[in-house]
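Following: one structure in structure tokens, then a few remarks.
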Amino acid sequence: MMIIVYCSVPDEVVARRISRALVSEGLCACVSQIPRLTSYYIYAGEFCEDEELMLLIKTDEPMFERLEVRIKELHPYELPEIIAVPISHASDEYATWLKDALK
């Protein structure tokens with residue numbers, strides 16, 4: 001099953017580093033970046049408000065564990081957001097491309 005993994009990052013440098021590594025290592029077919037979002041959350045008992053970017057990582061479910069490990073190795077956050085959701089529908093051509101792009 002194809003999935004999209006959401007991962008927030010603090011800045012463009014981290015976004016680029018993680019995106020390039022995941023794609024070049026064959027852990028995902030594509031990473032799209034949503035710039036400039038604001039995250040509000042409670043962490044370690046404190047209210048936080050941070051400017052971030054969101055990575056949308058397109059991959060296949062069997063790759064998730066390896067992808068998660070690699071994101072944790074590259075990510076500066078102690079607790080990075082790594083959330084996967086299934087892709088319920090995709091064109092046959094896109095699905096074939098995605099699977100072919102994964103190593």
Side-chain angles (χ1 to χ4, degrees):
M1 172 191 301
M2 295 179 300
I3 59 174
I4 295 177
V5 178
Y6 291 81
C7 180
S8 57
V9 294
D11 57 44
E12 186 76 37
V13 172
V14 173
R16 193 174 298 114
R17 181 177 66 237
I18 290 174
S19 299
R20 289 178 185 218
L22 298 179
V23 172
S24 66
E25 294 170 17
L27 297 172
C28 67
C30 174
V31 179
S32 301
Q33 176 182 305
I34 300 174
R36 287 178 256 170
L37 52 97
T38 305
S39 295
Y40 304 90
Y41 56 98
I42 303 290
Y43 186 72
E46 290 189 32
F47 181 85
C48 302
E49 179 179 332
D50 291 312
E51 296 296 317
E52 296 182 298
L53 299 89
M54 181 65 69
L55 302 180
L56 306 178
I57 305 161
K58 279 74 86 179
T59 192
D60 205 17
E61 190 174 28
M63 293 296 235
F64 180 79
E65 286 184 29
R66 289 176 50 205
L67 182 88
E68 178 184 22
V69 167
R70 190 66 174 123
I71 290 171
K72 287 178 179 178
E73 290 172 351
L74 297 166
H75 209 292
Y77 291 170
E78 180 180 337
L79 178 62
E81 174 183 12
I82 305 171
I83 300 171
V85 296
I87 298 173
S88 63
H89 297 82
S91 70
D92 290 340
E93 298 84 1
Y94 185 86
T96 298
W97 170 80
L98 187 144
K99 291 188 185 293
D100 289 346
L102 301 174
K103 295 180 182 172

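Just so you know, these numbers use all the heavy atoms, side chains as well, and skip hydrogens, waters and symmetry mates. In this chain, numbering begins with 1 at the start of the sequence shown.
- Residues passing the salt bridge (charged side-chain N to carboxylate O under 4.0 Å, His left out) test with E73, sequence neighbours excluded: R70.
- Side-chain contact between P80 and S8 is absent, with no heavy atoms from C-beta onward closer than 4.5 Å.
- S39 contributes atom OG, which lies 9.5 Å from atom CD of E49 (distance to the nearest 0.5 angstrom).
- The hydrophobic clustering, which links ILVMFWY residues whose side-chain heavy atoms are closer than 4.5 Å, places Y94 and M1 apart.
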Residues C30, V23; criterion side chain to side chain contact (heavy atoms under 4.5 Å, CB included); working and verdict:
CA-CA 6 Å; C30 174; V23 172; 5.7 Å; no
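- When all heavy atoms of I71 and C7 are compared, the closest pair comes out as CG2-SG, 3.8 Å.
- Nearest heavy atoms, M63 versus G26: CE-O, 3.0 Å.
- Rounding to the nearest 0.5 Å gives a distance of 14.0 Å between CE of M2 and SG of C28.
- Note that the OG1 atom of T96 and the NZ atom of K99 stand 8.5 Å from one another [nearest 0.5 Å].
- For residues 9-60, the set of pairs meeting the ring pair (Phe, Tyr, Trp, His ring centres under 6.0 Å) definition, not counting sequence neighbours, is empty.
- For the residue pair A15 and V9, the shortest heavy atom distance occurs at CB-CG2, 3.7 Å.
- The CG atom of L55 sits 6.0 Å away from atom CD of Q33, with the distance rounded to the nearest 0.5 Å.
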Are T59 and L102 close enough, and set up right, to give a side chain to side chain contact (heavy atoms under 4.5 Å, CB included), and what steps lead you there?
CA-CA 8 Å; T59 192; L102 301 174; 3.8 Å; yes
Would you sort out whether E81 and M54 count as a side chain to side chain contact (heavy atoms under 4.5 Å, CB included), showing the intermediate values?
CA-CA 10 Å; E81 174 183 12; M54 181 65 69; 3.6 Å; yes
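- Between W97 and A29 the shortest heavy-atom distance is CH2-O, 3.4 Å.
- With sequence neighbours left out, the side chain to side chain donor-acceptor pair (under 3.5 Å) criterion links S32 to K58.
- Taking S91 as the reference, nothing meets the side chain to side chain donor-acceptor pair (under 3.5 Å) condition, with sequence neighbours excluded.
- Under the 4.5 Å side-chain contact rule for hydrophobic residues, V69 and Y6 do not share a cluster.
- Considering every non-hydrogen atom in both A84 and I3, the closest pair reads CB-CD1, 3.9 Å.
- With values rounded to the nearest 0.5 angstrom, D50 atom CG is found 11.5 Å from D11 atom CG.
- Across R17 and L74, no two heavy atoms sit closer than the pair NH2-O, 3.0 Å.
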Assess the residue pair I57 and L67 against the criterion (side chain to side chain contact (heavy atoms under 4.5 Å, CB included)); give the C-alpha distance rounded to whole Å, side-chain angles, the decisive distance to 0.1 Å, and a yes or no.
CA-CA 10 Å; I57 305 161; L67 182 88; 4.1 Å; yes
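- L53 CG to E12 CD: the interatomic distance, rounded to the nearest 0.5 Å, is 6.0 Å.
- Partners of R20 according to the side-chain contact (heavy atoms from CB on, under 4.5 Å) rule, which considers only residues two or more places apart in sequence or in another chain, are R16.
- The ring pair (Phe, Tyr, Trp, His ring centres under 6.0 Å) pairs that include a residue from residues 55-91 are H75-Y77, where partners are two or more places apart or lie in different chains.
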